[in-house]
Amino acid sequence: MGFFDTLGETLTSTGKMVGSKTKETAEAAKLSLQISQEEARLKKAYEALGEAYFKDHEDDMPEPYAVYAVDIRESAARLESLTKDKRILKNQKQCTSCGAWIPNEDRFCGKCGAENEVLVKEEESKEAAPEGAAAETEGAETESTETEKTSEGNVEKAE
């Protein structure tokens, strides 16, 4: 029976060791998750502080921070330009009243209800413009107001 007693003791001690290691691993994973969450919270707090400081001192930024202020202004300008380019690409315009982005073909803003000009691509408006005007704008991909041909062949802005 000595063999089975030794085997039982070995299995018991191995089981306790595995249980202990499993518990340690679970605790380490739990702590890692808590650390990660606190780091994210700290980062958000630093970002909020920096944004608040920038807004309060944008015009009188102390010298050590002026470099960051220039980077922020340049990045914000690029972001605004890229966002506008994306909206134009997606055939959207800004409401003249509230600034919300709405489809070019919408006459009224879905957010504030203000009336806006209907915009169409040059390629689409060439069909409605007189032949001479179409030759001048050929290949242009800018936006213009929607037009209609009158009985005399003149172009008038659609109401």
Side-chain angles (χ1 to χ4, degrees), residues 18 21-159:
V18 167
K21 290 290 182 184
T22 301
K23 185 177 178 182
E24 287 176 20
T25 303
E27 287 295 318
K30 183 178 176 183
L31 288 172
S32 292
L33 178 62
Q34 289 174 341
I35 289 168
S36 178
Q37 289 171 337
E38 278 306 310
E39 287 173 342
R41 186 171 176 221
L42 182 61
K43 184 177 180 179
K44 280 185 180 183
Y46 275 129
E47 289 172 354
L49 174 64
E51 185 174 346
Y53 184 85
F54 177 79
K55 287 178 179 177
D56 288 346
H57 299 283
E58 186 173 359
D59 297 327
D60 62 343
M61 191 68 61
E63 186 57 39
Y65 308 108
V67 173
Y68 300 114
V70 170
D71 285 345
I72 289 170
R73 286 186 198 102
E74 289 174 354
S75 183
R78 281 191 307 270
L79 180 61
E80 183 178 338
S81 176
L82 292 169
T83 301
K84 188 173 184 176
D85 289 347
K86 180 181 176 188
R87 296 295 188 160
I88 290 170
L89 183 66
K90 292 177 82 174
N91 294 321
Q92 294 179 333
K93 63 184 175 197
Q94 264 188 306
C95 173
T96 55
S97 179
C98 71
W101 288 96
I102 58 176
N104 285 343
E105 57 276 354
D106 286 4
R107 178 167 297 242
F108 296 96
C109 176
K111 184 175 182 183
C112 71
E115 187 172 5
N116 288 268
E117 287 186 287
V118 174
L119 300 179
V120 293
K121 292 265 186 195
E122 280 294 326
E123 293 171 353
E124 296 170 12
S125 66
K126 274 191 257 180
E127 297 167 5
E131 290 180 23
E136 293 173 13
T137 59
E138 191 170 29
E141 290 190 14
T142 59
E143 295 178 352
S144 66
T145 56
E146 183 174 305
T147 57
E148 291 181 353
K149 264 173 115 172
T150 63
S151 59
E152 294 104 30
N154 296 332
V155 177
E156 291 182 354
K157 189 171 145 186
E159 290 296 319

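All values below were derived from every heavy atom in this structure, side-chain atoms included, with hydrogens, water molecules and symmetry-related copies excluded.
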What do the steps show when you test Trp101 against Lys111 for side-chain contact (heavy atoms from CB on, under 4.5 Å), and what is the final call?
CA-CA 9 Å; Trp101 288 96; Lys111 184 175 182 183; over 6 Å; no
Under the side chain to side chain donor-acceptor pair (under 3.5 Å) test, which residues partner Asn116, sequence neighbours left out?
Thr96
Qualifying side chain to side chain donor-acceptor pair (under 3.5 Å) pairs with a residue from residues 26-52, counting only residues at least two apart or across chains:
Glu51-Lys55
Show me the donor-acceptor pairs, under 3.5 Å and distance only, between side chains in residues 72-83 and residues at least two apart or in other chains.
| unit_1 | atom_1 | unit_2 | atom_2 | d |
| --- | --- | --- | --- | --- |
| Arg73 | NH2 | Glu58 | O | 2.6 |
| Thr83 | OG1 | Leu79 | O | 2.8 |

After noting the C-alpha distance and the side-chain angles of Arg87 and Lys93, does the key distance pass the side-chain contact (heavy atoms from CB on, under 4.5 Å) rule?
CA-CA 7 Å; Arg87 296 295 188 160; Lys93 63 184 175 197; over 6 Å; no
Specify the closest pair of heavy atoms between Gln94 and Gly99, including all atoms of both residues, with the distance to one decimal.
NE2-O, 3.0 Å
One should read off an interatomic distance between Asp56 CG and Met61 CE, to the nearest 0.5 angstrom, of 9.5 Å
Closest non-hydrogen atoms of Gly113 and Phe108, given as atom of the first, atom of the second and distance, are O-CD2, 3.6 Å
Roughly how far, to the nearest 0.5 Å, is the CG atom of Asn91 from the CG atom of Leu89?
7.5 Å
Yes or no on side-chain contact (heavy atoms from CB on, under 4.5 Å) for Cys112 and Cys95, after CA distance, side-chain angles and deciding distance?
CA-CA 9 Å; Cys112 71; Cys95 173; 3.7 Å; yes
